Structure formats: structure tokens, C-alpha cells
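Down below is the structure, laid out as C-alpha cells.
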Amino acid sequence: MSTQRRAPLWRRPFPEPPAGLRRGPFAPGAIRPAGRSAALSARLGLWLGAAFGICLVTGLISHGIQHPPSWFLWPTRPVSLYRVTQGLHVATGLATVPLLLAKLWAVYPTLFRWPPARDAADLLARCALLVLVAGAVFELVSGVLNTARQYAVMGFGFPAAHYWTAWITTGALVIHIGAQAAVVRRVLRESRRRTSGPPDDSAADRTAENPGRAGNDAPADPVTTRRAVLATVAAAAGAVTLATVGQTVRPLSGLSVLAPRRPGLGPQGLPVNRSAAGAGVLATATRDDYRLVVAGTRTLRLGLDALAALPQHTADLPIACVEGWSASARWTGVRLRDLLAEAGVAPGADVRIESLQRSGAYRAATLPAAFAQDPLTLLALRLNGGTLHLDHGYPCRLIAPNRPGVLQTKWVAWIGAHR
Amino acid sequence: MRLTLLGTAILLYGVVGLLGSSGPSPLGRWLLLVVVGWLAVDTLLTPAVIATGRLLRRLIPDPPDGRGRPGRRRAARILVGAAAAVSGVLVLVALPFVDGGGRDPSVPSALPLDYGRNLVLLLAAGWLGVGAAVAVLLRRRS
């Protein structure tokens, strides 16, 4: 009787694949990248993990505001909080492009590891890795395409695709962290222990996934030593950030020559995401018999003159787009809470706001009660001192603190308690 | 093991959502971009980066033992490699803007810049600086 326990099913080694299949990139030594090492992969992995963490949290915030579950509470202050979280989301995503490419370059030899899978558990881990890589690439590609408004290239609904792929990628990342955390800790410990020697020729610089193959991957040439690679990644991330972040950080807008927006550029000094023509409201928004309907226990029908005759208030609030750009502006108009009180809408009620638009995902929005009652929430008639431009929502638009631009309904036609 | 289970649960949540009614549509286009994106990185981009590294080692080799200053040649090579990598990333990120397919005549404030010209100017300025630095590094001492 044998006392030795058999390995669990998922750890039983697969039979060795025929040696004849080990060709092309799988051939021994076929890919011998200079400068790649486990210490480099580990550091890039840590940076990448932090970047994905930032994108995940800020992305969930943006999704939560637009599709709030019952437990989700988003404050009305600070007024620019969403501007910061979404600006950070897009800027971090853009800066992650070089980081992800460097990481995939650093671990490239392991893509052609031999044997491709040692056992069932290894096969599953490698499948999860494939999901992680493909998911991460998709998130960055689709994010950049969306900021460039390349909706036709994608051909699918971006928000749903970006959101659900984020969960899939996060799951694969957690699996990957579970598999690699111990290796990363060991590699970084060993790497830190050597502070005086050259960075790329120690045990710490072996390929993490292939610790026995250090000889193959030790760089013959330091074109890309670890420090140079990390500095290059930082430089690339910095360059991409500087070239685009001016779309939300106004003082840098002159430097950001690749930014999708210029905060001061647009009608009345403010960019537009959807024009009146694009929304199909050119005719209805300019009709003389335009009436805003506010429905409560009483129904108010207010023309532009009636709205302008009500007490006017001014607020400096940003438009913060989900696509990452943002710009502050001075809005003047009627306090929403004054209109709601006049119509007899209960102060504790969430409020629904509908546009003159006939269709479109953002033709209506729900404003939580805290926002509807906020003294800064206006039905704006004027922008930066002039009558609201048609493309900014003439005759009147919603402007509330700390909300995504897509929820700041333009060309408002109807307001009432949300049912 | 616990992280593996947690990760699997999160991943499955994403898959269920993706396939559910609130998922993207059409799913075939989503899958197309997933596969094309992954293939582009692993079969085109990364091999191109590796090939560029090899080319650089050939173009700016270390001098034979005892002659010249290998430190300067290496620094020049690292600088050129880094500049190539940064340029590549900038081109990649700028491509959808240069292409301009997202422009809408009714929204001139979206994508308002001449991205092709700006990208060329940005790269030219960068490479001018790198060229000057490399020239200094590789200059022979008289």
C-alpha cells in the first residue's frame, strides 16, 4: 500500500507535448529580449495595478451616479468632485497605455512558454491571463476611441461594453494577483536587498513566470535596462498626460496639443457635446409658444418671459463630461427648488427632467432630491453673461453641482416628481 | 486560493452582465474589438518594439573593448529607444484623433484641433532635442 497521496486532479501534470511542436516563437531561445526581468515585470505590475484601481473606483463612481442603486449616495459638494474623479479616470486611462504596453512587452517570452500548460490549474490560470490581457487592451482602446468620438468604429454601446468588460478584467486581475502576489513580493524583496550592484543580473531579475530561465533572459545588452524601461514608461505616460490633460486642467490647455477639447473653445466660451441640430430640437427649441411645464399638485406652464421674470440667481459651476473634459462657466437662471415649491412638488421627492429631444439615451434625467433642493441647482437661461446658446440648451437647461454633463439636461420641456 | 475564487466570482458577474439585457449590443462587434485589440498588441506591436530594439543595437553598437566610451554609446541608444517608444505611444493615442472620423460638423468644439499637424510638430520638436543630445553623446573627442 502506498502512503504517498496523489496530487489533486487539477495539479496532475499533463503529458509532455510532442517536441516537434516546439517551433517558431516556442523554439528555445527564439525570443530573447534584452532588459526584461522579473523585477521589471513586478514593478510594472504594481504600477499597473494602482492605475487599474484608480480607473475602477472612478469608473464605478461615474456608473453609480448615472445608474444609482438604492444604497448609492453621491454628495452635492464639493461642486467639482465629479470633475476631478472623471478627469482622473480618463487621464489615468490614457497614461496607462504605455504602462500596459510595457508590461506586455516585459512578459512577452512567457506567452510562448513551453509547455503551454503544465496541468489543469495552470491552464485555467493562463486562460484567466488571456482574459486579463484582452480585457485590459479593450478597456484602453475603447476608452480612447470614445474620447475621440469614434462611436462608429466601435459599433456597440460603449458605456455597457466598457462597464461590463471592466468587471471581467477586474476578476481576471484578482485571479492574477492571487497567482503572482508571492512571486512579486519575493522578487521585490530580493531586488531591494541589492542596492549597490547593477540592476539586471541577479536572481531578482529572472523572469517571474520562468525562474529557471534566467540565463536566457538576462540582458546581453543594456539598451533597455530596467531603470531605462521604467523611465521610458514614465516619460511616455507624462507625454501622453501633458498632451491631453489640458482638456480638464485649464492652465495646461495650451500645452495639450492632442486634447479632444479646449475648455474655453465653443459657443460662449464653453465646449458642446451635443448640438441642437444633432439632438433634432432646432425647430421646437425656437418656437414662440415654447412653454416649460412643471408638474406638481399644480401645473405651471411658463414661457421664456415668465421664467425671466422670476428671481434670478447666478452660480459658477463646471460642465464635467464623462469623456473626461470639463470647463467652468457662470450660469444665471431660476432656482429649481423655487419652481418645484411653486408647483407643489414635495421637497423630499426625486425629480424627473425631460428634454425637447424625442429620443436619445440622455433625453431625460432623474435628479435626486438633495440635488433638486440645492440652492446652486438652476434652470439656466443665461451663460457667461449672454442668453443661453441653442447648443447649450436654449431656452433653458439644468445645471446642478457635481453631476456628469450628460445628466445636465438641455432644452428642458418638462419637470415633475419622479415616479 | 481565496483570491482565485473571488476573482472568478467577479469575472462571472461581468460575463453574466455582458450577456444580459444591459450588456453591449451587438455583442459580435464587442468581441471583434476584443480579439483585434489583443492580436494587434501581441502579434504586431510587441514584436515591432522588439525588432526596434534589435535594430538599435545594430545601429549604435557598443564599441570594441578598449576603444571609445561604451557608456556614452549606451546612453545614446537608451535615449533613442526611449524617444522611439514615447513617439510610438503618442502616435497610437493620437491616431483616432488624427483620423477625425468622430468629427461632427454641427459640433465644432469637439475635436477642435489639427491633430495631424500637432502630432508632427510634437514629434519633430522631441526628435530635434533627442538628435542634439545624441550628437553630443556620440561626438568624438578631438
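Residue numbers start from 1 in every chain, and the chains themselves are labelled A, B, ... in the order their sequence lines are given, proteins ahead of strands. Predicted model only: the values in this text are computed from it and were never measured.
Taking the six-membered ring for Trp and the full ring otherwise, A/Phe156 and A/Phe138 have centroids separated by under 6.0 Å.
Residue A/Ile177 touches chain B through both its backbone and its side chain, counting heavy-atom pairs closer than 4.5 Å. Heavy-atom distances place no part of B/Leu39 under 4.5 Å from chain A, backbone and side chain included. For a residue to count as touching a neighbouring chain, one of its non-hydrogen atoms must lie under 4.5 Å from one of that chain's; by this rule A/Tyr108 touches chain B with the side chain only. Heavy atoms closer than 4.5 Å to chain A are found in both the backbone and the side chain of B/Leu33. The parts of B/Thr8 that come within reach of chain A are both its backbone and its side chain, each placing non-hydrogen atoms under 4.5 angstrom from that chain. When heavy atoms are compared at a cutoff of 4.5 Å, B/Asp114 does not approach chain A at all. Heavy-atom distances place both the backbone and the side chain of B/Leu18 under 4.5 Å from chain A. Proximity to chain A is limited to the side chain of B/Val41, based on heavy atoms less than 4.5 angstrom apart.
By number of non-hydrogen pairs under 4.5 angstrom with chain B, the leading residue of A/Ala276, A/Ser142, A/Ala277, A/Pro98 is A/Pro98. For chain A, the option among B/Leu92, B/Leu122, B/Asp42 with the highest count of heavy-atom pairs below 4.5 Å is B/Asp42.
Residues A/Arg149 and A/Asn273 have side chains in contact (heavy-atom distance under 4.5 Å, counting atoms from C-beta outward). Between A/His392 and A/Leu270 there is a side-chain heavy-atom pair separated by less than 4.5 Å.
If you check the side chains of A/Trp325 and A/Thr147, you find no donor sitting under 3.5 Å from an acceptor.
Identified by a heavy-atom distance below 4.5 Å to chain A, the contributing residues of residues 105-112 of chain B are B/Ser106, B/Val107, B/Ser109, B/Ala110, B/Leu111, B/Pro112, in residue-number order.
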Using the rule given for side chain to side chain donor-acceptor pair (under 3.5 Å), can you reason through B/Ser25 versus B/Trp30, listing the C-alpha separation, both sets of side-chain angles and the distance that settles it, and then say yes or no? CA-CA 8 Å; B/Ser25 169; B/Trp30 170 84; over 6 Å; no

